[in-house]
2 protein chains.
Amino acid sequence: MTVDAFTVLAEPSRRRILDRLRRAESSVGELVDALGMSQPAVSKHLRVLRDAGLVTCRTAAQRRIYRVDVAPLRAVDDWLGPYRSMWTAHLDALERHLDSQE
Amino acid sequence: MTVDAFTVLAEPSRRRILDRLRRAESSVGELVDALGMSQPAVSKHLRVLRDAGLVTCRTAAQRRIYRVDVAPLRAVDDWLGPYRSMWTAHLDALERHLDSQE
DNA sequence: CAGGCATATAACTGGTAAGGCATATTGCGA
DNA sequence: TCGCAATATGCCTTACCAGTTATATGCCTG
């Protein structure tokens, strides 16, 4: 886990990879087909994701099957926490305002 | 809002700026003192944050007072949503497991 | 054990972004 | 209006990152 999740998630392609793996684990080749990227590009992104602990992989014959590991995302969610309460606070205020209009 | 929030948040300094503005709006000079960075560096980060809609600023005499706008963070939170439910699912499973151990 | 698949890595390239210093801009007070 | 204070911007250098092509590694099958 050399780099933090924020840095890794900055790349749209990596978020797409995660979004696909979230629905079903898959091999590198399947990701290549799904994302329309070259195989080395996909492998490199997977390397970064692995180093950040966001994916794990297991070997199945010649294939490597990748799956998501959400653990590092909790750091992102934790950072986001205070901000989330800010916009829910705003929503609450809006609701109160609307209520008072009736 | 030229760039997306993910890219902007990848920079640790920018997250620190947001974290400070979240507690209290402040001027550029106050941020410079608080973060121990050069004034141009801070101004540049604020520019990026502004372009992404993450902060707004108002003019007060010679100062510019910056404050957080959480709206763009909702995109991040939305993306995170499905993953969050993944780890709460895991937590639920763990709880059931621990319960069954009693 | 040879050949072919699937995946990883190396070397290179172009683009981009951050930080530093110097300077421009803007608003204010004397 | 002059000059100062606060902030923004330009320019330059450096570092890093994504993507490409070519090649290496590992594993199965005939």
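Worth saying up front: this structure is predicted, and the values here are computed from it rather than measured.
Residues passing the side-chain hydrogen bond (donor to acceptor under 3.5 Å, both in side chains) test with A:Thr7 are A:Asp4, sequence neighbours excluded. Annotation: side-chain contact (heavy atoms from CB on, under 4.5 Å) contacts of B:Asp33 (sequence neighbours excluded): none. For B:Val48, the side-chain contact (heavy atoms from CB on, under 4.5 Å) test picks out B:Val8, B:Arg14, with sequence neighbours left out. Qualifying side-chain hydrogen bond (donor to acceptor under 3.5 Å, both in side chains) partners for B:Arg22, counting only residues two or more places apart in sequence or in other chains: none. B:Ser43 pairs by the side-chain contact (heavy atoms from CB on, under 4.5 Å) definition with B:Val28, B:Gln39, not counting sequence neighbours. For A:Arg16, the salt bridge (Lys or Arg N to Asp or Glu O under 4.0 Å) test picks out no residue, with sequence neighbours left out.
Shown for residues 19-29 of chain B: residues whose heavy atoms fall under 4.0 angstrom of DNA chain D, namely B:Ser27, B:Val28, B:Gly29.
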Each nucleotide in nucleotides 18-30 of chain C should get exactly one letter: B, S or -. Can you fill that in based on protein heavy atoms under 4.0 Å? SBBBB----SS--
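Heavy-atom contacts of chain B under 4.0 Å fall on DNA chain D between two terminal nucleotides, which in 5' to 3' order are D:dA6 to D:dC11.
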Donor-acceptor list for residues 57-72 of chain A side chains, cut-off 3.5 Å, not counting sequence neighbours:
| residue | atom | partner | partner atom | Å |
| --- | --- | --- | --- | --- |
| A:Arg58 | NH2 | A:Glu25 | OE1 | 3.3 |
| A:Arg58 | NH2 | A:Glu25 | OE2 | 2.2 |
| A:Arg67 | NE | A:Glu25 | OE1 | 3.3 |
| A:Asp69 | OD1 | A:Ala71 | N | 3.1 |

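Residue pairs meeting the ring pair (Phe, Tyr, Trp, His ring centres under 6.0 Å) criterion with at least one member in residues 10-39 of chain A: none, sequence neighbours excluded. Annotation: ring pair (Phe, Tyr, Trp, His ring centres under 6.0 Å) contacts involving residues 4-39 of chain A, sequence neighbours excluded, comprise A:Phe6-A:Trp79.
Comment: B:Arg47 engages B:Asp51 in a salt bridge, judged by a side-chain N to carboxylate O separation of less than 4.0 angstrom.
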